[in-house]
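Sequence lines set the chain letters: A, B, ... in the order given, protein chains first and strands last, and positions in each chain run from 1. Note that these values count all heavy atoms, side chains included, but never hydrogens, waters or copies made by symmetry.
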Amino acid sequence: MPDDSTISDPANDAAHDPVDFDEQAPAPGRDPADPLLDDLTPPQREAAVHVDGPLLVLAGAGSGKTRVITRRIAHLVLRVGIAPWNILAITFTNKAAGEMRQRIAQLVSERQSRALTVCTFHSLGVRLLGQYGHHLGLPSAFSIYDSADQQRAVKTALEALEISTSNFPPAKILQTISAAKNDMVDAPAFAASASDFFTKTVAKVYTKYQEILQNNAALDFDDLLFKVALLFKHHPEALAQLQQRFQYILIDEYQDTNHVQFVIAHALAAAHQNICATGDPDQAIYGWRGANIRNILDFETQFPNAKVVRLEQNYRSTGNILAAADALIRNNRHRKHKSLWTENETGEPVRLVTSDDERQEARYVVERMQELHDKEGMPWNSMAVFYRINSLSRVIEEEFRRAVVPYQIARGTAFYDRKEIKDAIAYLRVVSNPADEVNLLRIINTPTRGISDGTSKVLQAHAVARHTPLFEALHTAALSTGLNARALASVTRFAKALDGWRAEAGLGSDVPGTLVGSSLRGFVERVLRESGLEEHSRTDKTDTDGERLANLGELISSVQQYEDELAAADEPELTLAAKLQGYLTQVSLVADVDSVSADQGAVTLMTLHAAKGLEFPVVAIIALEDGLLPHQRARGNEQEMEEERRLCFVGITRARRRLFMTRARQRTVFGQRMPTIESQFMRELPAGAIEVVDDQASDPWQADESRFAGLSDQRRQAHDMAGQFPPGQMVRHPQFGLGRVLTITTAGAQTRAQVAFNTSGVKTLVLQYANLERVSRT
DNA sequence: AGTTATTAAACGAGC
DNA sequence: TTTAATAACT
């Protein structure tokens, strides 16, 4: 949390920040020559000079929303004289928060911009809970569980309740729990309303899951919001304090807020009603995450007397791009009509490209971008490729690499998903919060140190029997029977190591943590070394040329960078423990887009979801195919289909000058080549704004022939095998019994068959291993 | 205890 | 194509 001081009583804040307000304008927004306002259009200005009372800015794509927001904040500070620490601006990602603060800094002073609170709902949650959490009985330091941690916690809960994971997939349970939390339904309430078998089971898991989180001093993402809402509900004095502090509230991307977020915002604004929401219902794309589009549609009902400003002129895109976007979004039936218009030039037509397969599609995109770069001098960082699902990035990536074109992928979390990085973080989490058993169990034998699965189970049982945390049980392991000397020695050594690190961090039991100024980087290096992770990564045989070790190096630089930022932000000297905790929080809250930087000089690859709020002169949206965009899972669900269309709309409206929308006739999914169907969205684009391109191979027959000519003997055999099991063929499997072949495909040397068995359902089998037997029909 | 081989299953988007 | 869980092996 390098951005701001802690949230405290406004009176104190007022005392220690002597900003001068000599230069106040006579009256808000009256000065026609005001440089803050004179380049704004009338509706933009109307929103920017609004001071008190609720304000809703319905901002169409590319209508200068960010400009309005930053000007309004600057106006509040410079012209109205509102103290910057009384302003709270909530953005969708931390990166957006950083950029907004930076843009405001160019209008107000550096130090004034630093006094603003600009953050996401989740980081606001972390900060409020850090400060007021004790009211709810929360520990002062808690772990934040990401979805992997959540998954493990749910699995533990299922195990404890003796529920089979095959009937109740953890992911589905988590989704249900998450939805409940977003609607502010806690475990008892959920249990009370559970009617069917599935919900009743989830209710049990929900209860157990919360118990685990609590014992581990951990919160999941949803808790970061839910607990804040509960704090406001049960502790009005804390809420009153915050209402005092945050006199002016601004929430961006309001169309993607969920119920808890609404409750939080509503509570904070209840007293003064100075809430400004900005957003666009046509860009609501997070319904699956619990976002409720009604929040923005019902704003005027929730906040009576709200002023509504519509921004409908687009300054970003060419006429053709905007025409395509508008025509597409008009197909959504559940939508308030909104006209989007522009005075920009018509520009090039939107190109709809059909290639033979995904490789050719990727090549097409890369070649066009190279062309634009070489012939028109378009910088790499002005171009972007969007796709519906992450797995589509691979082919594109390969082609960029082959063409030696610099690119970056917006997957900030991918780095932290690597095994060695997760392990390293797990060590740090345990040091910071030894109650965190999910992470403790992760590292207890990683790298292997002689504590087997069995030993670990014994320790856990020991802990349960003695009603102590697992961390405690490590120290008292000698008291438990059944551990041999060797195992015991290993456990003791591990416990000693943990104690040593905690002592250095000032978290040990005997020394109170008052160490100030020591280097977090040095500490992390020590943990990596002494834990054996570094050595393990160095000698890992499965590692491809030292990549793991390099990743650990990168982790250390990220720690260093965090410390540098703290120093730059003039943070008062922090204890090592505080720095550690701050670093872990930051790591937990990184978003995928947070990793993209404009000055990389590289083409950006990202999902359509991540593209929200960004813009690029050149954009390619790939894989406009039925089942991918719109996605398979939205089929037959009108609401979801409309969300898919909005997603496509968001992608289109990111483009300023050039837009390519591509599709492949055949695509390899799950290692299987499948013919594709053009996305319906392609057909919804207006003929006048598009140009259809058929990117066909010069001689498709030749391509097909060569595919067969190149077959090895193994592959030929695979093809022969496929011939023996045509769809419809009855077969017998040693375990699954009788069944009927549904589909058959060859991929490389393998032949896969989908078989519907009479008793065990549909299975996908690899014929080379499956011992399938042909059965003739009788 | 720990490593390696095999096999099944996953993939929807993310704070 | 990659990952997670399980079996087999050292």
Side-chain angles (χ1 to χ4, degrees), chain A residues 90-97 119-126 144-148 150-152 155 165-166 169-171 175 178 182 219-225 253 256-258 260-261 285-291 386-395 398 410-414 417-419 445-456 484 486-487 490 540-542 585 587-594 606-612 627-635 640 643-644 646-647 650-651 668-672 735 747-748 750 752 763-766 768-770:
Chain A
I90 294 181
T91 58
F92 203 68
T93 62
N94 286 304
K95 178 170 179 262
C119 61
T120 64
F121 267 111
H122 288 89
S123 36
L124 180 71
V126 171
I144 300 169
Y145 276 5
D146 63 17
S147 37
Q150 287 179 285
Q151 196 104 7
R152 292 170 81 115
K155 279 185 186 159
T165 52
S166 51
Q175 211 183 338
S178 172
N182 283 331
L219 298 178
D220 63 22
F221 283 121
D222 303 313
D223 284 337
L224 295 179
L225 307 173
E253 308 286 7
D256 284 321
T257 52
N258 62 29
V260 207
Q261 291 170 333
I285 54 174
Y286 281 91
W288 52 274
R289 210 167 81 184
F386 303 152
Y387 34 81
R388 174 68 235 261
I389 59 176
N390 276 306
S391 59
L392 290 171
S393 72
R394 189 182 305 136
V395 193
E398 282 169 10
R411 283 205 82 184
T413 54
D417 282 343
R418 292 173 217 264
K419 219 174 295 156
N445 199 32
T446 308
T448 48
R449 54 168 65 86
I451 305 177
S452 74
D453 226 37
T455 306
S456 154
N484 62 42
R486 217 168 70 180
S490 304
D540 191 339
K541 279 179 219 121
T542 62
T585 301
V587 164
S588 299
L589 297 180
V590 286
D592 279 0
V593 273
D594 290 352
M606 63 173 86
T607 64
L608 285 161
H609 281 92
K612 184 170 83 159
L628 280 172
L629 180 63
H631 192 267
Q632 192 93 33
R633 302 259 262 255
R635 183 171 293 163
E640 285 200 50
E643 183 157 314
E644 296 289 310
R646 290 194 293 267
L647 192 52
V650 166
T668 313
V669 192
F670 295 121
Q672 300 187 18
Q735 277 127 55
Q750 289 194 334
R752 292 209 175 105
K763 306 266 179 201
T764 300
L765 305 166
V766 176
Q768 277 78 6
Y769 306 114

How would you label the contact of A:Asn445 with the nucleic acid (heavy atoms, under 4.0 Å): base, sugar-phosphate, or nothing? sugar-phosphate
Within a radius of less than 6.0 Å around CD of A:Gln151, do more than 12 heavy atoms belonging to other residues, nucleotides or ligands occur? yes
Check whether the aromatic ring of A:Trp288 stacks on the base of B:dA13, taking stacking as ring centres less than 5.5 Å apart and planes within 30° of each other. yes
B:dA1 base to A:Arg486 side chain: any donor-acceptor pair below 3.5 Å? no
When all nucleic acid strands are considered with a 4.0 Å heavy-atom cut-off, which category describes A:Gly450: base, sugar-phosphate, or nothing? sugar-phosphate
Using atom C1' of each nucleotide, how far apart are C:dA4 and B:dA13 to the nearest Å? 22 Å
Residue pair A:Thr120/A:Gly454 against DNA chain B: nearer the 5' end by closest nucleotide is A:Gly454
Respond yes when some side-chain nitrogen or oxygen of A:Ser123 is under 4.0 Å from OP1 or OP2 of B:dC15, and no when none is. no
Figure out the CD/P separation between A:Gln150 and B:dG14, and round it to whole Å. 15 Å
Determine whether a donor-acceptor pair (N or O, by modelled atom type, separation under 3.5 Å) exists between the side chain of A:Asn390 and the backbone of A:Thr607. no
Just how far, in rounded Å, is P of B:dA13 from CD1 of A:Ile285? 13 Å
May I ask you to say what A:Thr668 touches in the nucleic acid, namely base, sugar-phosphate or nothing, with a heavy-atom cut-off under 4.0 Å? nothing
Rounded to the nearest angstrom, tell me the gap between atom NE2 in A:His609 and atom P in B:dA13. 9 Å
Students often get this wrong, so: under 4.0 angstrom with heavy atoms, is A:Gln261 touching a base, only sugar-phosphate, or nothing? nothing
Atom-to-atom span, OH of A:Tyr286 to P of B:dA13 - whole angstrom: 11 Å
In whole Å, what is the span from the CG atom of A:Leu219 to the C1' atom of B:dC15? 14 Å
Protein-nucleotide distance (A:Asp453, atom CG; C:dA4, atom C1'), rounded to Å: 14 Å
So, is A:Ser391 near the phosphate of C:dT1, with a side-chain N or O under 4.0 Å from OP1 or OP2? no
A:Asn390 side chain near B:dA13 phosphate (N/O to OP1/OP2, under 4.0 Å): yes
With A:Pro169 via side-chain contact (heavy atoms from CB on, under 4.5 Å) - residues at least two apart: A:Lys172
Look at A:Thr607 and B:dG14 and indicate whether a side-chain polar atom (N or O) is within less than 4.0 Å of OP1 or OP2. yes
Judged by each residue's nearest nucleotide on DNA chain C, which is more toward the 5′ side, A:Lys419 or A:Arg394? A:Arg394
Pairing of A:Arg289 and A:Asp256 as salt bridge, 4.0 angstrom limit: no
May I have the distance from A:Phe386 (atom CZ) to B:dG14 (atom P), rounded to whole angstrom? 13 Å
Expressed as a whole number of angstroms, how long is the span from A:Leu224:CG to B:dC15:P? 13 Å
Salt bridge check: are A:Arg388 and A:Glu644 linked by an N-O gap of less than 4.0 Å? yes
By nearest-nucleotide position on DNA chain B, the 5'-leaning member of A:Asn484 and A:Leu589 is A:Asn484
Parallel, tilted or perpendicular: which one describes the rings of A:Tyr286 and A:Phe92, with boundaries at 30° and 60°? tilted
A:Lys155 side chain near C:dA5 phosphate (N/O to OP1/OP2, under 4.0 Å): yes
So what does A:Glu640 touch, heavy atoms closer than 4.0 Å: a base, only the sugar-phosphate, or nothing? base
